[in-house]
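A short worksheet on the structure shown next.
For the numbers below, each heavy atom of this structure counts, side chains included, while hydrogens, waters and symmetry mates do not. Atoms within each ligand, like the ligands themselves, are counted from 1 in listed order. Just so you know, these numbers come straight off a predicted model, no measurement behind them.
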Amino acid sequence: MNTKYLDLLAQKYDTEEKVVTEIINLKAILNLPKGTEHFVSDLHGEYQAFQHVLRNGSGRVKEKIRDIFSGVIFEKEIDELAALVYYPEEKLQIIKNDFHQEEDLHEWYKKTIKRMIKLISYASSKYTRSKLRKALPSQFAYIIEELLYKTEESGNKEQYYHEIIEQIISLGQADKLITGLAYSTHQLVVDHLHVVGDIYDRGPEPDKIMEELINYHSVDIQWGNHDVLWIGAFAGSKVCLANILRICARYDNLDIIEDVYGINLRPLMNLAEKYYDDNPAFRPKTHADKKTSEHELVQITKMHQAIAMIQFKLESPIIKRRPSFNMEERLLLEKIDFDSNEITLNGSTYPLENTCFATINPKQPDMLLEEEQQVIDKLLFSVQHSEKLARHMNFLMRKGSLYLRYNGNLLIHGCIPIDEEGNMEKMEIEGKSYAGRELLDKFEQFLRQSFAHPEETDDLATDMVWYLWTGEYSSLFGKRAMTTFERYFIKEKVTHKEIKNHYYHLRENEETCEKILTEFDLDPEHGHIINGHTPVKEIEGENPIKAGGKIIVIDGGFSKAYQSKTGIAGYTLLYNSYGMKLVAHKHFNSKDEVLHDGTDVLSVKRLVDKELERKKVLETNVGEVLCQEINILKNLMEYRYMK
Ligand SMILES: O=P(O)(O)OC[C@H]1O[C@](O)(COP(=O)(O)O)[C@@H](O)[C@@H]1O
Ligand SMILES: [Mn+2]
């Protein structure tokens with residue numbers, strides 16, 4: 001090993017004792033049970049429901065409370081303690097309003113602090129003291145540690161412990177301590193979070209999800225097709241930008257663009273007012289809890305059409321300059337007969353309805369009007385100069401990837417494109433053929449390149465981000481074509497069908513899953529594929545656990561817009577040292593309900609995989625890194641101190 005490197009390391013470990021202590025410490029950690037991983041996917045802007053799942057740790061918080069207090073305190077108190085741990089600030093307010101006597105509140109504080117300390121102690125039992133310390137609220141870390149490590153046996157210090165709690169309460173620090181303890185508990189019940197794609201679109205608050213993730217203690221993201229659409233817009237793809245605006249208009253979410261990310265929509269609105277009218281096909285989907293006036297709805301309907309038409313026009317030159325995308329059949333504007341208002345697709349002619357072609361020149365249907373060009377250019381400028389969006393997109397890039405190999409499992413949002421025999425589909429890019437893992441690596445390379453060059457708007461890397469949104473061999477989409485145009489303008493449902501890649505039915509077979517795991521250099525016998533993207537229709541009896549447990553699809557539909565199809569409000573997956581558990585969440589009504597009734601949205605748990613022996617840190621990705629560190633430290637030991 002390079003001695004310069006070891007000399008540098010010796011500055012940190014400048015005594016033999018320091019090296020020895022660290023080696024012992026790391027070796028010991030390897031033997032602790034592995035931390036709990038929490039998997040979520042397809043959040044689609046549903047911040048409230050997501051926040052709840054994070055705070056209750058998909059049921060882990062209540063489970064721990066039950067383990068300690070079942071049969072010791074009333075069921076109602078268990079619910080109340082759980083609600084306090086989930087939402088400490090709000091629950092404290094409610095509780096304090098209920099007390100009229102100072103002494104009663106004092107007693108409640110005493111009782112509650114003791115219970116929460118017990119909970120922390122139990123939840124941290126599989127971690128080192130140092131890890132626990134990092135999870136504690138820093139201003140109270142010392143005091144909490146004193147309370148945590150007290151030994152009851154002698155009783156000598158009873159008065160001392162009692163006094164600590166008394167002082168916290170009388171010095172007015174109880175609320176802060178309780179709140180801090182609650183947040184520490186969240187951190188201890190879940191060690192690491194995986195977001196298997198689709199944070200953005202359809203729901204109203206993706207920005208708040210991003211903020212929550214930015215502040216989360218340990219997280220990685222596997223990009224979804226909707227996430228790369230936002231990345232693409234920020235990276236300079238005008239067609240991606242048109243798509244995100246179209247989807248925001250469609251779901252009555254333009255305030256995300258305007259109020260949250262500060263992007264000026266006036267140019268689009270002016271264009272929309274000039275060329276478009278009300279149109280039933282473009283009326284936004286309304287939210288039950290949002291009151292948009294009729295006047296605004298009409299305004300959004302017009303903008304929806306204006307941006308959709310810009311999108312369709314922008315697709316055409318990309319399809320033409322990228323034959324390897326194999327998307328010529330999507331040159332739809334050229335297939336329209338503007339006199340008869342019909343379109344011919346695969347030999348069949350269909351009438352068009354609800355059309356809005358005022359800006360189209362039939363001789364050159366994909367040509368943007370000067371005004372349209374200006375609008376999209378201004379929007380792009382505005383998007384690329386939004387400080388908040390820049391922060392969110394940078395975070396997505398830093399924590400995200402197209403796929404992740406983690407603790408033996410393969411995490412992907414969409415699919416691995418395969419043919420009918422289960423072989424990896426090939427795609428030719430710049431004269432070279434790519435398939436499987438290599439293809440995904442190539443896609444990711446393009447995405448990163450595009451992000452690094454926001455000034456490039458028409459290069460292959462930028463076009464490729466759009467391909468990831470909608471291309472046949474995109475691992476995020478994986479359907480033959482996205483039939484957006486047909487869904488707006490053609491009544492015949494046959495034209496709306498989006499033909500799925502073979503992956504989506506072949507993944508039911510163990511053999512296919514094993515082949516894919518092998519392609520990603522993972523153990524096919526023990527590994528799993530963790531998948532999002534396609535809503536699991538529990539209503540129709542679909543099982544999210546497929547291929548004998550080799551693959552788990554966790555898109556149960558956080559998205560309110562999709563819950564009538566799925567019948568539930570999302571799946572999440574937990575993987576701790578004992579194995580995997582799938583949690584189905586019932587419809588999440590509101591935080592208020594949880595705060596007042598203590599009700600929870602959780603339901604069934606299905607055991608996916610039971611480890612015969614408890615899995616240790618040694619067998620994880622983190623363990624691998626620790627082993628490397630131990631080896632380096634051993635080298636240092638020999639080089640420096642064992643001469
Ligand atoms: O429900 P909407 O808004 O019409 O969206 C439908 C479109 O969304 C997609 O399903 C992609 O989004 P998902 O990743 O959420 O599936 C397209 O395949 C489809 O055309
Ligand atoms: Mn998706």
(request) May I ask whether T484 has any heavy atom positioned less than 4.0 angstrom from an atom of ligand 1? (result) no
(message) With a 4.0 Å cut-off on heavy atoms, is T483 in contact with ligand 1?
(response) no
(request) For the residue pair T462 and S237, confirm or rule out a side-chain donor-acceptor distance under 3.5 Å. (result) no
(request) Considering the heavy atoms of H44, write down every atom of ligand 1 situated less than 4.0 Å from one of them. (result) 15 (O)
(request) Verify whether the ring centers belonging to F443 and Y403 lie closer than 6.0 Å. (result) no
(message) Less than 4.0 angstrom from a charged side-chain N to a carboxylate O is my criterion; do K302 and E273 meet it?
(response) yes
(request) Just grab all the ring-ring contact (aromatic ring centres under 6.0 Å, His included) pairs involving residues 533-555, residues at least two apart or on different chains. (result) H413-H533
(request) Anything protein N, O or S sitting under 2.8 Å from the Mn ion (ligand 2): count it and give me the total. (result) 4
(message) Looking at K290 and D255, is there a salt bridge between them, counting it only when a charged N and a carboxylate O are closer than 4.0 Å?
(response) yes
(request) Enter the distance from K320:NZ to E334:CD here, rounded to the nearest 0.5 Å. (result) 4.0 Å
(request) Any atoms of ligand 1 less than 4.0 Å from a non-hydrogen atom of F477? List them with their elements. (result) 18 (O)
(message) Show the atoms of ligand 1 that are less than 4.0 angstrom away from any heavy atom in N225.
(response) 11 (C), 12 (O), 13 (P), 14 (O)
(message) Less than 4.5 Å apart, side chain to side chain, heavy atoms only: is that true for L460 and R321?
(response) no
(message) Under a 3.5 Å cutoff, is there a donor and acceptor pairing between the side chains of R246 and N243?
(response) yes
(message) As an exercise, state the distance from CG of L439 to CD1 of I429, rounded to the nearest 0.5 Å.
(response) 5.5 Å
(message) With no hydrogens and no angle check, just 3.5 Å: does a side-chain donor-acceptor pair link D198 and W223?
(response) no
(message) Out of E498, M482, R487, R202, who is nearest to atom 5 (O) of ligand 1 when you count heavy atoms only?
(response) R202
(message) For atom 4 (O) of ligand 1, tell me which residue out of R250, H413, K285 has the closest non-hydrogen atom.
(response) R250
(message) Quick check on contacts: which atoms of ligand 1 are under 4.0 angstrom from a heavy atom of Y251?
(response) 1 (O), 2 (P), 3 (O)
